[in-house]
Structures are given as C-alpha cells and as structure tokens.
Trainee: 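Structure below; questions to follow.
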Amino acid sequence: MAAAPMGLAMATAGTAEAVPTFFRGCGVVPSPTAEPAAPQRLFGAAVRPDQLTDETPLLAAIRGCGLLVPEYHGQWSAVEWRRGDPWYGNYDAILDFAEKHGQQVRGHSLIWEQMTPDWAREEMTSGKDWKTIERHFATLLPRYSGRIREWIVVNEMIDTEHGDHGFRRTSFQRAYGNDYVRRALETARVLDPQAKLMINDYSLLYDNPVDEARRNKMLRLVESIKASGTPLDMVGIQGHLELRKGRISQPKAARFMTDLAGMGVEVAITELDVLEDDLRRPIGERDRLVADAAQDLLDVVADQKAVGSVVTWGLSDKQSWLQDRLDATKAAQACTPVDCGRMNRGLPFDGEMRPKPMHAALQRTLTMA
C-alpha cells in the first residue's frame, strides 16, 4: 500500500470531540481549508475491474476516490466458482490500481447468500462442517493481509419478517445456526489479525415498522457479539435509498448511529444510491428529489463522529445496478446518446459522466470543515 494518509482514523486523545472531515472524493473535491491533522473519513465507490483499464471520465473520477470496493467481483462465486480452483484476478486488478493511486480497498464480502457458489451451498447444508467456511476464508484473508485493511465478513444477515429470531434463512444459517455470524468473525480474526471486520445490512434508515425492527435487531446483534468478546470493528449501513418510502428519519438514523458508536464500533455508509419512484417527472425534478434524499442522509453523517466512510454503489447511472430493477431502465442502457433520460438517475454522475445535483450534495458534505 502506498504511503499516504488514507486511514479511517477517528479522533484520538485531544481531538475526541472533533467530527472527522472527508478527503478524496471520486470527482468531488474536499475543502482545501480542512486541517490536515483533523480526523479523516474516506469517500469511495464500488468499482468493476473492467472500469480500471481505458482512460475515460469514469476512470478519472475513480482515480480520485479514497476507497474502492469490488461491486460483485470479490464475492465467493466470483473467486471460487469451482471448488478448489480460486481465481484472484478481480481482487488483484483492483488492488494493483488502488495501490498505484494511494487508495484503500474494502473486501466485499466473505459471506453473502446471493453470491455463494452452488457447490458451497450443497457442501454446507449436507455436511454442516465449519471447515467449508475456514477453507473459503483462507483463500482470501492471508493472501491480502496488510493490503485489504477491512472486510465485510457477513453481508445481509437480518430478516425480521420471515427469518429465524431475526436472522435471514440462508444456507449459512441452515447449516450452522444463528451463531454463524459470530463464528465467521472469529475465524476471520484468526486468519487476518490486522484487518477491521464488518457486518453490513440494508433497510435501517426509514421510519417504518420493518426498518425499526431491523435497527433493533442489528443493535441486539452487535450487543451480543461484543458481549461475547467476538471481534467486530465496524457496522455497515447500506445506503440504498428509495423515494417510494419517503424521506429517511434523520432523528432515528442519528440515534441508531449513536447507539452503534456507544457499543464501540465504527460506522460505514455503504452502497449509497437512490431508486426513483416516477420516471415520468421532468429530469430536473427527478434529480432534485434524488439529491434531497442523499442530502438527508449526508446531513446526519456530517454530525456523526463514528462514521468513517461513505461509499456510493457506483458513480455513473450508466453502470448502476438499479437499471436492472425495471425492464424500462434496463433497456434504456442501450440508448443513443448514452443518457437519454430514461435510466434511473440515482448516482452522482449521469450516463455521460455529467455531475448532477446529487454530486453537489456530496460536494457540500465533503467541503464541510
């Protein structure tokens, strides 16, 4: 890793009350007046290896990020589609790029049901042998120790509607029970004692019964993990915002982050983007609504000392996973010109890499001193 002041360092003695400032921002320029000695947060984005080759406006924005996260390309099925035949090309490409440009990389993720290879599901549920997890973790953690400084160990483990005592019914939960999250964190710590370990989930920000129950479950889970002495350094709050849900509850989001911080974990805003609810509105109105939704969350973040990073789930609408949510927006990716106004507009740059009001919202937050 290039020697650069890239740490997610929070306040130390003498600056304990300071709110960290952002620096490096994926095409968003931080304030030049921010004190160098101030605690610093990172702004970053999810990236794909094929975005890191050709010289494009997207690559120029990626080069300016402080933190890179593999979008889907670091998942178990992307690394070891066939048992015993791991392929490291995606992680190696992203790490090589990041180290060349003084950036950090977050591992995403070791356990996520949606991208677990079929052979692993079968092996876990039939044999229920924890060695399956140990072997998987051992293919990645020792190899990248010291290069990947933080890992999402378990992604999306909560389901308070249809789960088992609040745990999502996954191959991992069926094979190992609800204790698998704690065991996964312990296994990860053994294999890479240096890395920060994280759990990550969604639907934690709105004022509705589902999000409220999920917040409570996350708090109980973190409390249980910490009480057991199991290592847990960070909690990721996925920032997949949806306009159909209305505005987030800023007081409840702030209280949730404060409660997590009180348990001794750092908070990360992960996977920030905005799903629109009506593509028939004028583009100017759509962009304003998206920016307002992002700003609601960013305003909370600005006052939370425990938040060490904000990551958008991509940078350009052209490459956003949200286009696959609707047939209309998926088809719009083939528009000529590239951005014909029919794609979901939930990221900082449009399909032509023109900055939008969401970009300005991020700029305001990053330039707060």
Side-chain angles (χ1 to χ4, degrees), residues 26-28 43-54 56-62 65 68-75 77-78 90 94 108-109 112-115 155-156 200 202-203 205-206 236 238-246 248 269-295 297 310-362:
C26 306
V28 183
F43 179 76
V47 299
R48 306 170 189 173
D50 63 326
Q51 297 170 346
L52 307 179
T53 53
D54 298 333
T56 63
L58 175 60
L59 181 63
I62 291 172
C65 294
L68 303 182
V69 183
E71 186 175 13
Y72 298 108
H73 304 76
Q75 308 290 342
S77 59
N90 289 329
I94 293 171
H108 178 68
S109 52
W112 184 35
E113 177 72 7
Q114 290 192 40
M115 291 198 70
N155 189 44
E156 299 180 1
N200 185 52
Y202 63 92
S203 290
L205 294 167
Y206 287 93
Q238 292 185 19
H240 293 306
L241 305 177
E242 299 185 41
L243 295 186
R244 68 179 180 84
K245 293 185 177 181
I248 69 165
I269 304 301
T270 66
E271 309 185 32
L272 174 59
D273 55 22
V274 183
L275 180 63
E276 295 186 80
D277 63 341
D278 188 352
L279 303 181
R280 297 168 298 180
R281 292 189 177 105
I283 284 181
E285 181 181 355
R286 290 167 57 192
D287 286 350
R288 177 183 59 78
L289 290 169
V290 166
D292 288 348
Q295 190 71 64
L297 177 55
V310 173
V311 168
T312 56
W313 209 237
L315 288 170
S316 168
D317 294 332
K318 175 67 174 176
Q319 287 85 23
S320 173
W321 77 287
L322 292 175
Q323 309 309 343
D324 294 331
R325 296 285 296 268
L326 296 172
D327 289 341
T329 53
K330 189 173 184 178
Q333 290 178 289
C335 277
T336 302
V338 173
D339 194 334
C340 56
R342 298 202 299 271
M343 291 190 290
N344 188 87
R345 297 175 65 83
L347 285 172
F349 298 91
D350 72 7
E352 301 279 4
M353 283 301 293
R354 294 176 295 226
K356 297 181 300 172
M358 182 180 177
H359 177 278
L362 288 161

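We number each residue from 1, following the sequence as shown.
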Trainee: Would you say the side chain of L52 lies within less than 4.5 Å of the side chain of I94, judging by non-hydrogen atoms?
Mentor: yes
Trainee: Evaluate the side-chain proximity of T270 to W313: yes if any heavy-atom separation is below 4.5 Å, no if none is.
Mentor: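 They are not in side-chain contact.
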Trainee: Locate the shortest heavy-atom distance separating Q75 from Y72; write the atom from each residue and the value.
Mentor: CG-O, 3.2 Å
Trainee: Drop me the distance from E271's CD to H108's NE2, to the nearest 0.5 angstrom.
Mentor: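 Taking CD in E271 and NE2 in H108, the distance rounds to 4.5 Å.
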Trainee: With heavy-atom distances below 4.5 Å as the criterion, would you say the side chains of R325 and N344 are in contact?
Mentor: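 Not touching, per the 4.5 Å side-chain cut-off.
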Trainee: Please name the pair of heavy atoms, one in V290 and one in G346, separated by the smallest distance, quoted to 0.1 Å.
Mentor: CG1-CA, 4.0 Å
Trainee: For a 4.5 angstrom cut-off between non-hydrogen side-chain atoms, does D317 reach K356?
Mentor: yes
Trainee: Side-chain contact test, heavy atoms from C-beta onward, threshold under 4.5 Å: evaluate it for M343 versus S316 and give yes or no.
Mentor: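 A side-chain contact under 4.5 Å is absent here.
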Trainee: Less than 4.5 Å apart, side chain to side chain, heavy atoms only: is that true for S109 and N200?
Mentor: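 In short, these two side chains do not touch, never coming nearer than 4.5 Å.
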Trainee: Can you tell whether the side chains of E352 and R354 come within less than 4.0 Å, N to carboxylate O?
Mentor: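 No salt bridge links E352 with R354.
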Trainee: Within this structure, what is the CD1-OG1 distance for the pair I269 and T312, rounded to the nearest 0.5 Å?
Mentor: 12.5 Å
Trainee: Side chains of L58 and K318: does their closest heavy-atom pair fall under 4.5 Å?
Mentor: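 Side-chain contact under 4.5 Å: no.
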Trainee: Give the minimum heavy-atom separation between P348 and G314, together with the two atoms involved.
Mentor: CD-O, 4.3 Å
Trainee: Contact between R244 and E276 at the side-chain level, heavy atoms closer than 4.5 Å - yes or no?
Mentor: no
Trainee: How many angstroms lie between CG in L362 and SG in C26, if you round to the nearest 0.5 Å?
Mentor: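 So the CG of L362 and the SG of C26 are separated by 9.0 Å.
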Trainee: Does a donor on one side chain sit under 3.5 Å from an acceptor on the other, for Q114 and N155?
Mentor: no
Trainee: Working to the nearest 0.5 Å, report the span between CG of L243 and CG of D292.
Mentor: 9.5 Å
Trainee: Indicate the atoms forming the closest heavy-atom contact of M353 with A61, along with that distance.
Mentor: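 Heavy atoms only, the tightest pair is CE-CB, 3.9 Å.
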